[in-house]
Enquirer: 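Okay, here's the structure, questions in a sec.
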Amino acid sequence: MRKALLILSVLMLTNCTQAQKIQLPAPDKSLPMTLMEAFQNRHSTWQHSDAPVSDQDLSTILWSAIGINRPEEGRITAPSAVNAQDIIVYVMRADGTYLYDNKENALVRVSKKDLRAAVCGNDPKPRTAPIMLLLVSDLNRFGGDSRFARDMAPLDAGYVSENICLACTALGLNTVPRMTMDRAVLQKELNLTDIQLPLLNHPISVAK
Ligand SMILES: Cc1cc2nc3c(=O)[nH]c(=O)nc-3n(C[C@H](O)[C@H](O)[C@H](O)COP(=O)(O)O)c2cc1C
């Protein structure tokens with residue numbers, strides 16, 4: 001009986017872990033579009049199709065955003081003030097909300113809820129996008145709240161946002177950087193403290 005219970009709990013734990021962590025495919029680091037072509041083609045899109053975006057493309061976008069590009073030093077694709085790496089990226093989809101773990105290239109589920117409506121806020125235009133990324137600056141990574149941290153956080157978010165824009169362009173996907181969102185709902189649902197600041201979001205969709 002005890003053995004059966006032990007096996008049952010191991011199985012439940014395994015299922016639970018599987019449900020909470022999604023290992024992403026390796027990012028595609030050899031997209032054919034040149035940097036200059038990406039600059040030429042980057043633009044914001046406000047109307048989004050609801051066609052699914054693949055985990056392969058999502059992995060490439062997330063790696064471009066804050067992926068580790070120098071493993072020996074643990075440094076990332078986007079520059080950050082004093083290498084704080086304060087920008088953390090949440091992924092909102094119909095099947096729940098995830099935190100991107102850049103060390104494991106994995107999605108860690110933080111909520112079963114679809115929080116895309118909260119990312120839309122009072123502007124429903126992006127509501128059909130299958131994926132929304134939320135950029136949060138965690139001021140703890142600067143050692144806590146300070147004038148310096150509050151000044152640097154939006155700058156760091158800007159670099160990550162531009163990386164996302166260019167990766168989406170190179171993948172032929174639509175996006176737009178947005179400051180509009182329902183911050184109060186997102187703070188509550190994601191259990192963010194008052195020094196974890198939702199700064200920008202990116203709806204992402206397949207180009208029509
Ligand atoms: C910091 C920042 C915040 C933005 N916030 C919003 C927003 O809340 N809603 C929106 O529809 N577009 C937003 N945008 C997108 C801009 O309106 C868009 O970049 C601008 O119209 C220029 O168009 P382009 O990106 O196609 O060059 C934002 C852009 C930036 C850089």
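Just so it is clear, the model here is predicted, and its values are computed rather than measured. Counting starts at 1 for both ligands and their atoms, following the listed order.
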Enquirer: Are N163 and S161 linked by a side-chain donor-acceptor pair shorter than 3.5 Å?
Expert: no
Enquirer: Is the contact between K125 and ligand 1 made by the side chain, the backbone, both, or neither, using heavy atoms and a 4.0 Å cut-off?
Expert: neither
Enquirer: To the closest 0.5 Å, what do you measure between CD1 (I131) and CG (D55)?
Expert: 7.0 Å
Enquirer: Identify the closest protein heavy atom to atom 14 (N) of ligand 1: which residue and atom is it, and at what distance?
Expert: P177 O, 2.8 Å
Enquirer: Quick one: does W46 get an N or O within less than 3.5 Å of an N or O on ligand 1?
Expert: yes
Enquirer: Select the closest option to atom 1 (C) of ligand 1 among D123, L199, L200, N201, judged by heavy-atom distance.
Expert: L200
Enquirer: Quick test: of every protein heavy atom, which one is nearest to atom 26 (O) of ligand 1, and how far off is it to 0.1 Å?
Expert: S44 N, 2.7 Å
Enquirer: Applying side-chain contact (heavy atoms from CB on, under 4.5 Å) to L134 and L190, what does each step give before you reach the verdict?
Expert: CA-CA 11 Å; L134 173 66; L190 299 173; 3.6 Å; yes
Enquirer: For Q187 and A184, indicate whether the former's side chain and the latter's backbone hold a donor-acceptor pair under 3.5 Å.
Expert: no
Enquirer: Tell me, do R141 and D156 make a side-chain contact under 4.5 Å, heavy atoms counted?
Expert: no
Enquirer: Answer yes or no for atom 6 (C) of ligand 1: protein heavy atom present at a distance under 4.0 Å?
Expert: yes
Enquirer: Considering only non-hydrogen protein atoms, determine which one is nearest to atom 9 (N) of ligand 1 and report residue, atom name and distance to 0.1 Å.
Expert: T180 OG1, 3.8 Å
Enquirer: For the 3.5 Å polar cut-off, considering only N or O atoms, please tell me whether M179 and ligand 1 meet it.
Expert: yes
Enquirer: Once you round to the nearest 0.5 Å, how far does CD1 of I66 lie from CG of D101?
Expert: 9.0 Å
Enquirer: Take every heavy atom of R42, measure it against each atom of ligand 1, and state whether any distance is under 4.0 Å.
Expert: yes
Enquirer: Any idea which atoms of ligand 1 are less than 4.0 Å away from a heavy-atom of V176?
Expert: 12 (N), 15 (C)
Enquirer: Using only atom types and a distance under 3.5 Å, with no angle test, would you say the side chain of N105 pairs donor to acceptor with the backbone of Q23?
Expert: no
